[in-house]
Amino acid sequence: MKSLYSKNFRQIIILCITILYTMAFCVSIFAVMTKRNYLPYTESLLKMELQKDQLSIQFNLPATDYEVIQKDMDDGFIIYEVKTWNTYWDSLVKDKEPMVYEIKRDNLLNLVVNYSDYENHWNLYESSDTHGGFSVLRRLVLGYYFIVALILCVFFFILELLFIKLREVRIWVERILLLPVSYILSHLIVRGFASASAEAYRDFILICIITVCLYVASLLVLILFQSKKKIIA
């Protein structure tokens, strides 16, 4: 009865491991397929048509989506910040027709339209020379987290070498070491080796989800391996 219970318990653990690794794989695919590739400005990418009371912006391929943010300035100016991007998923499922955004106003005075790909910026339209272009910085916080994870990996690896002859201590060090290793792998899946991100919040959430799945699954694998090794010993 005891061996049967142990066998069934191992099967449940293996099932949990499979589910967790599958979840990590699915979230990784989602992260890669929906990652935004911000596009630099070209004349073929954006076409603007100016009329008396309307400014039309046409977005062409390879752009599959766009964002326009309106900012009302204290001096009466209105600044429109424009960004475009594509994703692997949008390239597969979205229509290939151009997208059009219209700015309708009684008059187009005191209006500025800027474009940014988070690395460079362009001034597309300006009714006055009072306002220039703008610059947007990518968030570097994910790079800091990545560095912290690397430092923790080195730290716990050194601890494992120091306590290599103390089996009980080494077991717990190995289990803790899996956490920063899982985070590093998750970061590489979502961001690659890039430390800066224009979507830091979205990327961090995905990294955390993948990290939890990888860590718990790997921890269960390690516990099974350590238990089996202990029985053999």
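The structure presented is a predicted model; accordingly, all values stated were derived computationally and were not measured.
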Cluster link [X] to [Y], ILVMFWY, side chain under 4.5 Å:
{"X": "Tyr101", "Y": "Leu55", "answer": "yes"}
{"X": "Leu150", "Y": "Val190", "answer": "no"}
{"X": "Met33", "Y": "Met23", "answer": "no"}
{"X": "Phe156", "Y": "Ile151", "answer": "no"}
{"X": "Leu159", "Y": "Val154", "answer": "yes"}

For the residue pair [X] and [Y], establish whether any side-chain heavy-atom pair is separated by less than 4.5 Å.
{"X": "Asn86", "Y": "Asp65", "result": "no"}
{"X": "Ser218", "Y": "Tyr21", "result": "yes"}
{"X": "Asn37", "Y": "Tyr88", "result": "no"}
{"X": "Leu46", "Y": "Gln58", "result": "no"}
{"X": "Glu199", "Y": "Tyr38", "result": "yes"}
{"X": "Thr34", "Y": "Arg202", "result": "yes"}
{"X": "Leu179", "Y": "Tyr183", "result": "no"}
{"X": "Val181", "Y": "Leu214", "result": "no"}

Tell me whether [X] at atom [atom1] has more than 12 heavy atoms from other residues, nucleotides or ligands lying less than 6.0 Å away.
{"X": "Tyr41", "atom1": "OH", "answer": "yes"}
{"X": "Ile164", "atom1": "CD1", "answer": "no"}
{"X": "Gln11", "atom1": "CD", "answer": "yes"}

With rounding to the nearest 0.5 angstrom, report the [atom1] to [atom2] distance, [X] to [Y].
{"X": "Arg175", "Y": "Leu219", "atom1": "CZ", "atom2": "CG", "result": "6.5 Å"}
{"X": "Leu178", "Y": "Leu222", "atom1": "CG", "atom2": "CG", "result": "5.5 Å"}
{"X": "Met99", "Y": "Tyr66", "atom1": "CE", "atom2": "OH", "result": "7.0 Å"}
{"X": "Leu162", "Y": "Phe157", "atom1": "CG", "atom2": "CZ", "result": "10.5 Å"}
{"X": "Ile207", "Y": "Ser28", "atom1": "CD1", "atom2": "OG", "result": "10.5 Å"}
{"X": "Thr64", "Y": "Leu92", "atom1": "OG1", "atom2": "CG", "result": "10.0 Å"}

side-chain contact (heavy atoms from CB on, under 4.5 Å) between Leu177 and Glu160, intermediate numbers included: CA-CA 9 Å; Leu177 176 61; Glu160 185 175 2; 3.8 Å; yes

What's the shortest heavy-atom distance between [X] and [Y], and which atoms?
{"X": "Thr84", "Y": "Ala63", "value": "CB-CB, 4.0 Å"}
{"X": "Ser44", "Y": "Asn60", "value": "O-ND2, 3.0 Å"}
{"X": "Pro180", "Y": "Ala149", "value": "CB-O, 3.5 Å"}

SB check Glu174 Arg170 (cutoff 4.0 Å): yes

Leu206 vs Ile189, side-chain contact (heavy atoms from CB on, under 4.5 Å): CA-CA, chis, key distance, verdict: CA-CA 10 Å; Leu206 292 173; Ile189 291 172; over 6 Å; no

Check against side-chain contact (heavy atoms from CB on, under 4.5 Å), Ile57 and Val100: CA-CA 6 Å; Ile57 306 175; Val100 178; over 6 Å; no

Whether Tyr80 side chain and Tyr115 backbone form a donor-acceptor pair below 3.5 Å: no

Option from Phe204, Phe146, Tyr145, Tyr144 for which ring-ring contact (aromatic ring centres under 6.0 Å, His included) with His187 holds: Phe146

Verdict with reasoning, Leu45 to Glu43, per side-chain contact (heavy atoms from CB on, under 4.5 Å): CA-CA 6 Å; Leu45 180 66; Glu43 292 184 357; over 6 Å; no

